[in-house]
Amino acid sequence: MRRRDFLYMTGVGLGASMVPNIPAFGKIISVEESLTPVDVALKKKMADVALNAAKSKGATYADVRIGRYLNQVVATRETRVENISNSESYGLGVRVIANGSWGFAATNNLDNSSIAKAAEAAVAIAKGNSKLMDQPVQLAAQKGYGDVSWKTPVEINAFEVPIADKVDLLLKVNSEAMKGGAKYISSNLFMINEQKYFASTEGSYIDQDIHRIWPTFTLTKTDAASGKFETRNALSAPMGMGFEYLKPKDEEKIKGGPVTMYKKRYDMLEDVREAAAHVDEKLKAKPIAPGKYDLVLDPSHLFLTIHESVGHPTELDRVLGYEANYAGTSFLTLDKWESKKFNFGSKEVNIIADKLEVGSLGAVGYDDEGVKCGQWDIIKDGILVNYQTIRDQAHILGLKESQGCCYADSWESIQFQRMPNVSLAPGNAALSAADMVKNVEKGIYMFGRNSYSIDQQRYNFQFSAQLAYEIKEGKIVGMLKDAAYQANTQEFWNSCVQRCDKNDYRLGGTFSDGKGQPGQVSAVSHGSATTRFNGVNVINTGRKLG
Amino acid sequence: MAILSKEEAQAILKKVIGYSKADFCEVGLNGSDGGNIRYARNAVSTAGQISTMSLGVSSTFGKKTGSATINEFDDASLQKVVKRAEELAMLAPENPEFMPLLGPQTFAESNTYNAKTAAMTPDTRAEMVGKSLSVSKAAGLDAAGFLENATRFNAIMNSKGLFAYNKGTNVSFSVTVRNKQGTGSGYVEQDFNDLDKMDTLALSKIAAGKANGSAGAKAIEPGKYTVILEPLAASDILSNMFRGFDARSADEGRSFMSKKGGGTRLGEQLFSENVNIYSDPMNTEIPSATWNGDGLPVKRTQWVEKGIVKNLSYSRYWAAQKNVEPIPFSRSVIIEGGTQSLEDLIKSTEKGILVTRFWYIRSVDPQTLLLTGLTRDGTFYIENGEIKFPIKNFRFNESPVIMLNNVEALGKPVRTGSGLIPPMKIRDFTFTSLSDAI
C-alpha cells in the first residue's frame with residue numbers, strides 16, 4: 001500500500017493515550033465509521049424509552065441527550081508524524097426532576113433495557129438528592145419544538161478530507177518553518193464533530209450536527225551561544241467551521257501591518273513563514289521599559305481578555321457561588337446588575353452574547369436543555385445589563401425564558417451553565433488598525449494569546465502576547481520583549497477609547513475552556529475589532545537565573 | 001469488572017500477546033472505578049459514579065509500529081484490536097526514535113492500594129460531605145466543595161516477557177468556606193491513598209477558621225516580602241518546575257535547565273544549599289507505582305542535593321542518544337524539610353506574609369520559569385512572630401528557581417498537591433499588584 005493510503009488508514013489506529021491536550025477520548029474508530037451518522041428515527045425511539053421510563057418512576061420533567069462525539073487529531077513534529085487519532089464516544093445521558101430535585105444517569109449500552117435502567121437510576125438519584133434540598137428546582141417554561149434539526153454550515157466536512165491531505169499540509173508547514181531557520185516545529189490539526197440528539201418531556205426532538213476545527217503550530221528557535229530560546233505560536237483561531245477554513249483567500253486577510261491577520265480563512269503556510277521571521281526578531285527584541293502605555297490590541301489577543309474578564313464574570317452560576325470551590329465567584333454581583341447603572345466600561349464597550357454567530361465555536365441552534373438560541377446584550381454602552389443563564393436560573397433574573405447557555409462536553413456529563421460566544425461589538429465609524437496606530441503617541445501593539453491569569457472574582461488580571469510592537473508617535477518602531485499588562489477589569493474596560501469598524505472584526509476562541517468539578521471543557525469564540533485602551537500599566541517580566 | 005486483579009489482568013494480556021504475529025507486541029490494560037459529590041451554597045449539587053476499562057495494543061514490525069485501543073473484552077474484540085494494530089504497523093513509516101522493547105524487569109511491590117478506600121460507597125461520600133456541611137452550617141458560613149474517590153489499576157505486558165501491574169486507591173477532598181457577606185474565604189485541599197487519613201470535619205474547620213479570619217482584609221503595598229508558603233501554596237508553584245527536570249528539552253536548549261553555550265545545568269548549584277529534592281515511590285506518605293509507562297522500574301532518585309542538580313530525567317530514547325542510563329521521573333516528589341511546624345515558622349518571622357494557596361498560575365517566560373498568579377483564600381500579615389491581620393490578595397511574578405534560591409527555612413513536609421512539600425519561609429518574594437478578590 002502506498003504512503004498516502006497508509007496515512008488515510010492510520011485514522012483507525014494510534015492510541016488515544018498519546019493524543020496531546022484533548023481529554024476524554026473514546027474508542028478508536030475508522031474514518032469510514034465516523035461518516036455514518038446514527039439514524040434519527042432510532043435516536044427518537046431510544047429517547048422515548050428514556051423519557052417514558054423516567055415519567056413512569058415519578059419524574060415531573062426529563063430530558064435525554066444521545067451524543068456521538070467524534071474527534072480527529074493529526075500531530076506532527078519536524079519531519080515526522082507523531083500521532084493520528086480518530087475516535088468516537090457514543091452514549092446517552094438522562095436528566096430528570098423528581099420530588100423537585102435534579103437527578104442524572106448515563107449509559108453507553110443503548111439497548112432499551114439499559115436506557116430504561118439509566119432513566120430509573122436518574123429518578124432514584126433525584127429522590128435521594130431531594131432529602132438534602134432547600135428549595136425545589138424552578139425551571140423556566142420552554143415550549144416543545146417537535147422534530148427539528150440544526151447543522152454547522154460547513155462547506156467541507158473535515159472528516160471527509162483524506163488524512164493524507166492533512167498530513168501533507170502539516171509537513172509542509174514544518175518544512176517552511178525549518179527553511180526559515182526553526183530548529184523545532186510542532187504542528188497539529190484538531191477536528192471535532194458533535195452529533196447530538198436532545199429530547200424532553202416537553203415535546204422537543206432536536207437533532208444537531210456541530211463541527212469545529214483548530215489548526216495550530218509552535219515554532220521554536222534556540223541560540224546556544226546565549227542560551228536563549230524563543231517561540232511563536234500560530235495566530236490561527238479555532239473555528240466552528242469545516243475544512244474550508246484552511247483554504248486561504250486573499251479577501252479574508254488583513255495585510256499592511258506588522259503581522260498578516262486572518263478572518264474566516266487561514267493561510268497556515270504564510271503564517272508559519274512569518275512566524276520564523278518573528279522569532280528572529282523576538283530573540284533580538286528590546287526589553288520593555290515598564291510604565292503606562294496606550295495599548296492597541298489585535299482581536300487575536302483581545303479575545304482572551306474578553307473571555308477572562310467579561311465572559312467568565314457574567315456567568316450567573318459563578319455570581320451565585322456554584323463555582324466557589326474551583327473557578328471562583330464573580331465581582332459582578334446581583335446588586336450591581338439590579339442598580340442598572342453599574343459602570344463596567346466606557347461607552348465604547350458594548351458586549352454581546354451570541355449563540356448563533358456563523359463560524360463561531362459556540363454556535364448551535366439549541367442548547368443542551370432544548371432552548372432555542374439567540375443573541376442578547378450583556379454590557380450596553382458600558383453598563384452591566386444582563387448575565388448568562390440556563391433554565392433553572394432564569395427566574396433569578398425575572399426572565400420568563402432561559403438564555404440557552406446550557407452545555408455538557410459529553411453524553412455522560414451533566415449539562416450546566418457554560419459561556420456563549422461573548423464579543424465586543426466593533427465601532428460604527430470607519431477606522432482601520434493602521435489608522436488607529438497613527439494616533440498613538442506612546443503605545444504597544446499586541447498580537448496573539450500568550451500568558452494569562454486573572455483572580456477568582458475577575459478583578460485583577462495580567463496578559464502578555466505572542467508579539468508586542470512598540471508604537472512611538474504614530475509609528476511602529478520595533479519589537480519589544482518581556483511586556484505584560486496588569487489591570488483591574490473595571491478600570492481596564494473604562495480605558496477603552498476606540499474600536500475599529502466591522503471590516504476589522506474577527507473571531508478568536510478557545511477549544512477547551514475548563515469549568516466544574518469533575519472538570520468539563522467547552523469551546524467558545526470571542527469577536528472584536530482592533531481596540532485601543534489608554535494608560536494601561538505595563539510591567540517588565542524579564543528575570544535572570546543564578 | 002473495572003478493577004482486575006494481577007492474575008486477571010495477566011490472563012487477558014497473555015491472551016492478547018498470544019494473538020500477535022508482529023515482531024514485537026506490547027499491550028496496556030487499565031481500569032478505574034470511583035465516585036464523587038459536588039456541593040455549593042451548603043447543599044449537594046451533583047453526585048456521580050463511573051467505571052471504565054480499556055486496552056491498548058502496540059505492534060511492531062522492524063521499526064514500524066501501529067497502535068489501537070478498545071474497550072470491549074470478548075475474544076473476537078481482542079483479536080480485532082491486535083489485527084488492527086498489526087495492519088497499521090505494516091503500513092506505517094519507520095519511527096526513527098523507535099526503541100527495542102524491554103525484557104522482564106524486577107519491580108518492588110507498591111503500597112498504593114488501600115482496601116477501605118476501595119470500599120467507599122455513595123453513603124460514605126455523603127457522610128463525609130455531611131461532616132463538612134455541619135461545620136459551615138453551624139458557623140453560619142457557606143461551603144462549596146468536592147469529594148472524589150477512585151480505585152485504579154494499570155498493567156502492561158510485552159512479547160519480550162515484561163509484565164507489570166499496579167493497583168491504587170485515592171480519595172481527594174477540597175472545600176472553600178466563605179462568610180455570608182462575601183468578605184472572607186478559606187480553603188483546604190487534601191488527598192490520600194488511605195481513607196482513614198481523610199478527616200473532612202477537621203479540614204472544614206480549618207477552612208471555616210480562615211473564612212472568618214480573613215474577613216476585613218487590609219491593603220498593603222505590593223513589593224518584595226518575606227513569605228511563609230503553606231505546603232499547598234509551595235506545591236502550587238513548584239509543580240511547574242518539576243516538569244522542567246527533563247534532559248532532552250535541556251539538551252535541546254529549550255528549558256531553564258539549558259546551559260549557556262550548550263548542554264545542561266546538571267551538576268550546577270541552582271538552588272540554596274538547604275534544598276534537597278528526591279522522589280521515592282515507596283514513601284509511605286506519598287506512594288506511587290514502581291514502574292513507568294515504558295515498563296522501567298521507578299526507584300528512589302535524588303534530583304537536587306544541597307542545591308546542586310544531581311539528576312535529570314532521561315527517556316529511553318534520549319538516554320541512548322546520550323549514552324547514559326534512562327531515569328524515569330516519579331509523581332512522588334519529596335522536598336526535604338525540617339521539624340518545624342507552620343506555627344514555628346510564623347513565630348520566627350519578624351515581618352512577613354502567610355499565603356494559604358495560589359490561584360491561576362501561568363508561565364510568563366519559560367526561559368526563566370517566571371510564573372504569575374495570585375494568592376487566594378487566606379492571606380495574612382505577620383509581625384513579631386504573630387498573625388496581625390488579614391491582607392488583600394496579591395498578584396505575584398516569581399520564578400520557582402529564584403524562590404528556591406531564597407529559602408530561609410523549611411518546615412515539616414506534608415502530603416499536598418504535587419508531592420510531600422514542607423511549609424517554606426522565602427525572602428524577597430515578588431508581589432506586583434493588589435487584587436480585590438475574596
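Lettering of chains follows the sequences in order, A, B, ..., and the numbering in each one begins at 1.
- A salt bridge does not link R362(B) to E308(A): none of the charged side-chain nitrogens sits closer than 4.0 Å to a carboxylate oxygen.
- Proximity to chain A is absent for every atom of D142(B), based on heavy atoms less than 4.5 angstrom apart.
- With a 4.5 angstrom heavy-atom cutoff, F229(A) touches chain B via backbone and side-chain atoms both.
- Contact of I438(B) with chain A is made through backbone and side chain together, with heavy-atom distances under 4.5 Å.
- Of the listed residues (Y184(A), F461(A), W102(A)), the greatest number of heavy-atom pairs within a distance under 4.5 Å of chain B belongs to Y184(A).
- The nearest pair of heavy atoms linking T333(A) to V319(A) is CA-CG1, 4.1 Å.
- With a threshold of 4.5 angstrom between heavy atoms, A484(A) does not approach chain B through any atom at all.
- In this structure, chain B has no heavy atom under 4.5 Å from any part of E230(A).
- Closest non-hydrogen pair, N179(B) versus L141(B), comes out as CA-CD2, 3.5 Å.
- Under the 4.0 Å criterion applied to side-chain N and carboxylate O atoms, D317(A) and K515(A) are assigned as salt-bridge partners.
- Scanning both residues, S435(B) and L374(B), for their nearest heavy atoms gives CB-CD2, 3.8 Å.
- Chain B forms the most heavy-atom pairs under 4.5 Å with one residue out of N450(A), T329(A), N537(A), and that residue is T329(A).
- Note: G227(A) leads G227(A), A105(A), G103(A) in heavy-atom pairs under 4.5 Å with chain B.
- Ion pairing between a basic and an acidic side chain is recognised when a charged N comes within 4.0 Å of a carboxylate O; R125(B) and E127(B) show no such pairing.
- Looking at P366(B), both its backbone and its side chain come within 4.5 Å of chain A, counting heavy atoms on both sides.
- Contact count versus chain A (heavy atoms, under 4.5 Å) is highest, among E148(B), R178(B), K259(B), E252(B), for E252(B).
- In this structure, chain B has no heavy atom under 4.5 Å from any part of Q135(A).
- Note: F492(A) and Y485(A) have parallel aromatic rings, judged against thresholds of 30 and 60 degrees for the angle between ring planes.
- Relative ring orientation between Y360(B) and Y452(A) is described as perpendicular, the plane-to-plane angle rising above 60° on a 0-90° scale split at 30° and 60°.
- By the 30° and 60° cut-offs, the orientation of the rings of F173(B) relative to Y39(B) is parallel.
- Comparing G328(A), S451(A), S464(A), G516(A) by how many heavy-atom pairs each has under 4.5 Å with chain B, the most go to S451(A).
- Closest non-hydrogen pair, K392(B) versus A217(B), comes out as N-CB, 3.6 Å.
- Partners of E189(B) under the side-chain contact (heavy atoms from CB on, under 4.5 Å) rule, at least two apart in sequence or in another chain, are S174(B), Y187(B), L232(B).
- Chain B forms the most heavy-atom pairs under 4.5 Å with one residue out of G128(A), A327(A), S453(A), and that residue is S453(A).
- Proximity to chain B (any heavy atom under 4.5 Å) is shown, for K228(A), by both the backbone and the side chain.
- Neither the backbone nor the side chain of F331(A) comes within contact range of chain B; no heavy atom of the residue lies under 4.5 Å from a heavy atom of that chain.
- Across T46(B), V81(B), V175(B), N42(B), the residue that shares the most heavy-atom pairs under 4.5 angstrom with chain A is V175(B).
- Comparing G321(A), S226(A), A106(A), S101(A) by how many heavy-atom pairs each has under 4.5 Å with chain B, the most go to S226(A).
- Heavy-atom distances place both the backbone and the side chain of R254(B) under 4.5 Å from chain A.
- Across T372(B), V44(B), D436(B), V364(B), the residue that shares the most heavy-atom pairs under 4.5 angstrom with chain A is D436(B).
- Heavy atoms closer than 4.5 Å to chain A are found in both the backbone and the side chain of T432(B).
- Annotation: F396(B) is not in aromatic contact with F394(B) [ring centroid separation under 6.0 Å not met].
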